[in-house]
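Lettering of chains follows the sequences in order, A, B, ..., and the numbering in each one begins at 1. Only a predicted model underlies this, so the values are computations on that prediction, with no experimental measurement involved.
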Amino acid sequence: MATEEEKKNDYKNTLNLPQTDLPMRANAAQKEPEIQKFWEENNIYEKNISQRSKGKSFILHDGPPYLSSDKIHIGTALNKILKDILVKYKSLSGYYSPYIPGYDAHGLPIENAVVKSIKGGRESLTPTQLREKCREFAAKNLKGQEENFKRLGVWGNWENPYLTIKPEFEAEQVRVFGEMYEKGYIYKGLKPVYWCADCETALAEAEVEYADHTSTSIFVKFKFLSEDEKKAYQKAKIEIQKPLYAVIWTTTPWTIPANLAISLNANLEYSFVENREEVYIIATELLKNFLSETKLENIKIIGKCQGSDLELLNTKHPLYNRNSTIILGDHVTTEAGTGCVHTAPGHGLEDYEVCMKYKIPVLSPLNNKGIFTSEAGEFEGLKYNDGNKAVIERLKEENALLGQNDISHSYPHCWRCKKPVIYRATPQWFVDVGAFRSEAMEAIKNVKWIPKSGEQRIGNMVESRSDWCISRQRAWGVPIPVFYCEDCGEAIVTSETIAKVADLFEKESSDAWTKYDVSEILGKDYECPHCKSRKLKKETDIMDVWFDSGITHRAVVDARKEELLGSPVDMYLEGSDQHRGWFQSSLLTSIAIKGIAPYKEVLTHGFVLDGEGRKMSKSLGNFVEPQKIINVYGADVLRLWAASVDYRNDVKIGDNIIKQLVEVFKKVRNTMRFLLGNIYDFDPQNDYVQYENLEEIDKFALHRLQVLIENVTQSFNDYEFYKYFQFLQNFAAVDLSSFYLDIVKDRLYTAGKKSISRKSAQTVLYETMLAILKMMAPVMPHQAEDIFSYVPKKQKLGLESILLADWCKGNEKWLNPQIDEKWTEILRVREVVTKAIEPLRADKKVGSSLEVSVHVSSTNNKITSYLKESEKDLAGIFITSQVFLNKPTPNEILNTLEEDGIKVEVAKAQGEKCERCWKYRILDKNSKHPTICEDCQKAISEN
RNA sequence: GGGCCAUUAGCUCAGGUGGUUAGAGCGCACGCCUGAUAAGCGUGAGGUCUCUGGUUCAAGUCCAGAAUGGCCCA
C-alpha cells in the first residue's frame, strides 16, 4: 500500500513541469570565451556576411583607436560595443554590414614611449632603428587591443584589419598628399612652435614640462600715428592735443623686436588716461592693476571707448621704423596686463592665429640657436635671453618703458634639458583650408549628425579654424613626400615624384624614405624641374597623424571597395571629441580630393564618467577597467550597460550601476529558461496552434509581443538602444514574468500534455522565445547563443547560430486592439483583486492566493461585460480558486476593497485543495482519485 | 574666456503643441509561495522635476540668468 507521501509524488509525476538543461547561472566569464571559439571555428561572422546581399548594405567605417597602450579603456570599450551592436543588428536585419577594424599607429605618443624606454635616448638609435622599435611597439599594442576587442564579442574582419603603418596605406597617403598639392591646397609657411634653443629642436605640446620661472615683465607704450591719434580721440569723444599711446605688457621683452601688432578685445571698455603730457589707452578693468604696477600717480580718466572702435589704427614700433597695428582678438582678457596685448606672430600661437586673420606676416628674427638674426636689426648676434636686458635698455632710451617688475609664473621647459623653451616660427607645411572651406560647410549640411548639435559643433570649428599644419619634426610617421633643390631652393612635388615615392612605399613602407637617397628614389638622371640641378635633398618632416587617419576614406574605404563598397560610407561612430579630430580631418581631406563628405551619417557618443558623474582620473583613482568587469560578470553585462544608457550624453558607470545590470541580465536569462523549460516537448511542425484557435489570453500575449517587437525595432533603427533596454526589461518583468507566465503556468503544468490548451500556451512561448533570442543577439550575443544552444533542434529553424537568424518580425495579425483594450481592463481588475487579498496574507489568514475565492463587480458596464465574457477564465487569471460575478461568495467575506468602481470581496475558497493542481475544488470522494479535482482526473486520463 | 552638451525618485529611463495628486522597470522595505527555487509572486515607501528670477489663471514643460558636471578650444 502506497503512503500518503508517495501518492502525492505520483500526482506530481503526472504534471508537465519545466525541463531544460540550461543552467540558471550564466557563468558568463567562463562561458563567453567558449562561445567566441564556436563563432570563430565555425566562421559565423563570415557566414552572416556572405548570406547577405550587397544590394542592401550598411557600412560602418571604424575609426582607428591609437595604439599607445595594449589595453583598452572603458571609453574605447563603449565605442566598440556600440559599433558592434549596430553592425550585428543591421546584419540580422538583412543588411550587408561588414566591419573592418582599424588602428592608428604613427605619431608622437608612440615615438616618445619608445624613446623613453631605450637606454641612451634618441641619439643611441638611427632613425631607421627608432622606426623599427616604434613598429614593434605598435604591433605589441595591437595584439593586446585586438584581444580586448574580441573578448567584448566584437565581430569583424580580424584577419585583415587596417593599419595606418601598412605600406599600402602609406602609399595612398602619399598619393592623397600629391593630389592635394596639385590642387594647390598645400603650401609651406611659417608657424610658431615650441622650440628648445639648447637642443635646437622643435618640441610638441607633450614634450614640454611646466615649471616656475622668474621673468621680467615690462609695460611699453606705443605711440599712435598722428592721423590715427585724431581718430582715436574722436571715438572717445575728447578734444585734446597730447600724444596718445597704447600701453602693452609682456613677460618676454626679447619678443619686442618681433612685435607687429597690438591686440584688443572688441567688447572690452578702454579708458583714455591722462598722465601729465601724455595719454594712455588701458582696459578700464585693468587700470587699477596698471597703476599699482607702474606706481603712476595723479592721473585721470578723460575718455572711454570700446576695443572695436580702435581696430586697424596704427601705432609706431618704439624701436623700429615700422607700424604696429591695432587688431581685435578674443584671446585678450582682463586677467593680467593692460588689455592691449603685445602681439608677435612669430613667437606666440595666439599672436600667430590672430595675425593670420589680419594677414599680418610672421616675423621670427631668431635662428635655431635662439640668436637674433639681421631681421632684429641692432640686436643681431645676441642670444634671445640676453636680448631681454638689451631690449629693456633700448626702450628706456626711447622713453617707451613705463614699468618693470619681476614675476614668477609657470613657464614651459624642455623635457630633456629642462631649460625654458620659446615659441619660434619655423617653416611648416599647411593645408589651405580656406580654399575649400565653403565646400566643406556645404557638405556638413548634407550629413546627418546625431545628435543634431554635432552639426553646429563641427560647423563652428570648420568655419573658424585656421589652416591645418600637417608637418611634424619627428621620425615616426609618413614622410612629407617633398624634395628640395639645393641650388634654387625650390620645393619639388610633381605627379612623377609622388608616383615614385608612393610606389616605393607600397613595396617597402615609408622606411624607404630614410633608407634611400634622392637619386635612388627618383633615379640618377632626375633634375630639378626649375633649374635643372641634380643636387636635391629630401624633406625631413613627417605628417601629422591626423592626416594619416584622416585619409582612411581613401586608403581603406576606397582601397577595399570590394569589401566596403567605396566612399562615402553610411556611418562614422565615435566619441564627441572627434568633431575636432577624425570627423574633421576626414572631412577636410575628402572634400579636398573628392569634393564630398566621407560619411552620410555621423553618430557620436559622450564620455564615460564614474558612478558619481566625475571624470575618471589618476588623481581620483576612479578608473573603471573593462577587463575587470568582464572577468567577473562577462562582456555581455558590459554590452548591456552600453545599451542601457543614453550615450548621446556623457554616461556613468560604477559598481552600483553594474550590479543593477547584472540583475536585469539574470532576469532575462531566467525568463528565457522558463520559456525553454516549458516547451521542451513542443514540436512546431505538429503542435503549433494557428492564431485563430489560440485562447484569448494567448492572443493578448502575442499582441504584447508584437508591440514589443515593433518598439524594439524602432529603437534600433533610431540608434536609441537605451529605449530597447527599457522595453525589453519591462516586457520580461511585467508582461511575461509577473503576468502571462504566472497565469499560464497552471495550464502548462496541469493540463493534458498534448491538450490544445497547453499547446496554445506553448505556441506563444515558442514565438516569444525566438523573438527575444533574436532581440538579445545584437546586445547580448553570448547569452543569446548560449541559450540558443539549449533550444531543442526541432525549434531551431535549422540555424547553426542565433547570429545567423533574420531579425524578428513577428506577425502583424497579432496586433489586436480589441483584445488589447479588453485585457488591459481585466488587468486593472486583477490589480484590485491582488490588492484585496494582500491584507489577509499580512494577517496570516491566507497564504497562497489559491486559498481564496472572490466576488467581483463593477459600476462600469464595459468592465462588467468583459468579465462576463471571460468568466470561466477569471479564476485562473486572478490565480484564485473561484471567481463569482453575480452571486456573492458562499463563505464569510474576509475583506472588501473598492477602487476605480471595481469592488472585490474576498472569502475562503470553496472545497478542498486538489492534491494535483492545488486549486480548491469540491472533490468527488467516490471517484477513482478522491483527492484530486475533476479537471485533473481528465488531464491524467489524457496523458 | 569661447563653442557644444547635460542636470526628473538610490540606479537606468518616460514625461507631443504649458493644464487634474510627475510615471516605468530595477533596487530597497515588508510579506507570500516552495511545482521557474542561489528562482517566482504581491504590497509599500521613495521626487521642493539643480537653483534664482520672469511670462501666465496655470511651468518639469516657455524666457532670462546662475550653479554643477562633461567634451573641444583658448
Nucleotide nearest [X] (side chain, heavy atoms from C-beta), chosen from [options]:
X	options	answer
A:D742	B:C13, B:A38, B:C41	B:C41
A:K835	B:U34, B:U43, B:C4	B:U43
A:L741	B:C33, B:A36, B:U12	B:A36

>> Each nucleotide in nucleotides 21-31 of chain B should get exactly one letter: B, S or -. Can you fill that in based on protein heavy atoms under 4.0 Å?
In response: ---BSBS---S
>> Strictly under 4.0 angstrom, non-hydrogen atoms only: write out the protein contact profile of nucleotides 68-74 of chain B, one letter per nucleotide from the 5' end, B, S or -.
In response: -SSBSSS
> In chain order, what residues pass the ring-ring contact (aromatic ring centres under 6.0 Å, His included) check against A:Y680, with sequence neighbours excluded?
Replying inline: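 Partners of A:Y680 under the ring-ring contact (aromatic ring centres under 6.0 Å, His included) test: none.
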> Residues in ring-ring contact (aromatic ring centres under 6.0 Å, His included) with A:H605, at least two apart?
Replying inline: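 Partners of A:H605 under the ring-ring contact (aromatic ring centres under 6.0 Å, His included) test: none.
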Same-atom distance ([atom1]) from [N] to [M], integer angstrom:
N	M	atom1	value
B:G18	B:A24	C1'	23 Å
B:U50	B:U68	C1'	8 Å
B:C51	B:U7	C1'	11 Å
B:A9	B:C73	P	32 Å
B:U12	B:U8	P	9 Å

Starting at [atom1] of [X] and ending at [atom2] of [N], how long is that distance when rounded to a whole Å?
X	N	atom1	atom2	value
A:K745	B:C33	NZ	P	14 Å
A:D843	B:U43	CG	P	17 Å
A:F739	B:G42	CZ	P	11 Å
A:D746	B:C41	CG	C1'	15 Å
A:K659	B:C11	NZ	P	14 Å
A:H579	B:G3	NE2	P	17 Å
A:Y647	B:C13	OH	P	12 Å
A:I743	B:G35	CD1	P	20 Å

[X]: what forms a salt bridge (Lys or Arg N to Asp or Glu O under 4.0 Å) with it, not counting sequence neighbours?
X	value
A:D646	A:R648
A:E851	none
A:D900	A:R828
A:K31	A:D786

Counting any heavy atom closer than 4.0 Å, what does [X] reach on the DNA or RNA strands: base, sugar-phosphate only, or nothing?
X	result
A:D646	sugar-phosphate
A:R916	base
A:N460	sugar-phosphate
A:G606	nothing

> Is any side-chain N or O of A:S464 closer than 4.0 Å to OP1 or OP2 of B:G3?
Replying inline: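 No.
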>> Counting distance alone, no hydrogens or angles: does the base of B:A36 have a donor or acceptor under 3.5 Å from a partner atom on the side chain of A:R673?
In response: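 Result: no qualifying N/O pair found.
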> Are A:W582 and A:Y572 close enough that their ring centres sit under 6.0 Å apart?
Replying inline: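 Yes - the distance between ring centres of A:W582 and A:Y572 falls below the 6.0 Å cut-off.
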>> As a test of the definition: with a 90° window around 0 for syn, would you call B:G25 syn or anti?
In response: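 In terms of base orientation relative to the sugar, B:G25 is anti.
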> Residues two or more places apart in sequence or in another chain: which of them pass side-chain hydrogen bond (donor to acceptor under 3.5 Å, both in side chains) with A:K666?
Replying inline: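 If we apply the side-chain hydrogen bond (donor to acceptor under 3.5 Å, both in side chains) test to A:K666, skipping adjacent residues, there are no hits.
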Only pairs under 3.5 Å count here: list side-chain donor-acceptor contacts from residues 450-459 of chain A, not counting sequence neighbours, and write none if there are none.
none

> A:Y749 stacking on B:G35: centroids under 5.5 Å, ring planes under 30°?
Replying inline: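 The base of B:G35 is not stacked with A:Y749 (the test needs centres under 5.5 Å and planes under 30°).
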>> Let me spell it out: for each of A:G454 and A:C917, pick the nucleotide of RNA chain B with the closest heavy atom. Which residue's pick is nearer the 5' end?
In response: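 With A:G454 and A:C917 compared, the 5'-side residue is A:G454.
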> For A:A26, what residues pass the side-chain contact (heavy atoms from CB on, under 4.5 Å) criterion, not counting sequence neighbours?
Replying inline: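 Once residues adjacent in sequence are excluded, the partners of A:A26 under the side-chain contact (heavy atoms from CB on, under 4.5 Å) criterion are A:A28, A:F665, A:R669, A:Q783.
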Measure all distances between protein nitrogen or oxygen atoms and nitrogen or oxygen atoms of nucleotides 47-50 of chain B, and list the pairs falling under 3.5 Å.
none

>> Can you give me the closest heavy-atom contact between A:T834 and A:E831, atom names plus distance?
In response: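 The answer is OG1-O, 2.8 Å.
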> Is it true that the side chains of A:D698 and A:Y740 contain a donor and an acceptor less than 3.5 Å apart?
Replying inline: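 Looking only at side-chain atoms, A:Y740 and A:D698 do form a donor-acceptor pair, the distance falling under 3.5 Å.
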> What orientation do A:Y11 and A:H929 show, parallel under 30°, tilted 30 to 60°, or perpendicular over 60°?
Replying inline: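 Geometry flag for A:H929 against A:Y11: perpendicular rings.
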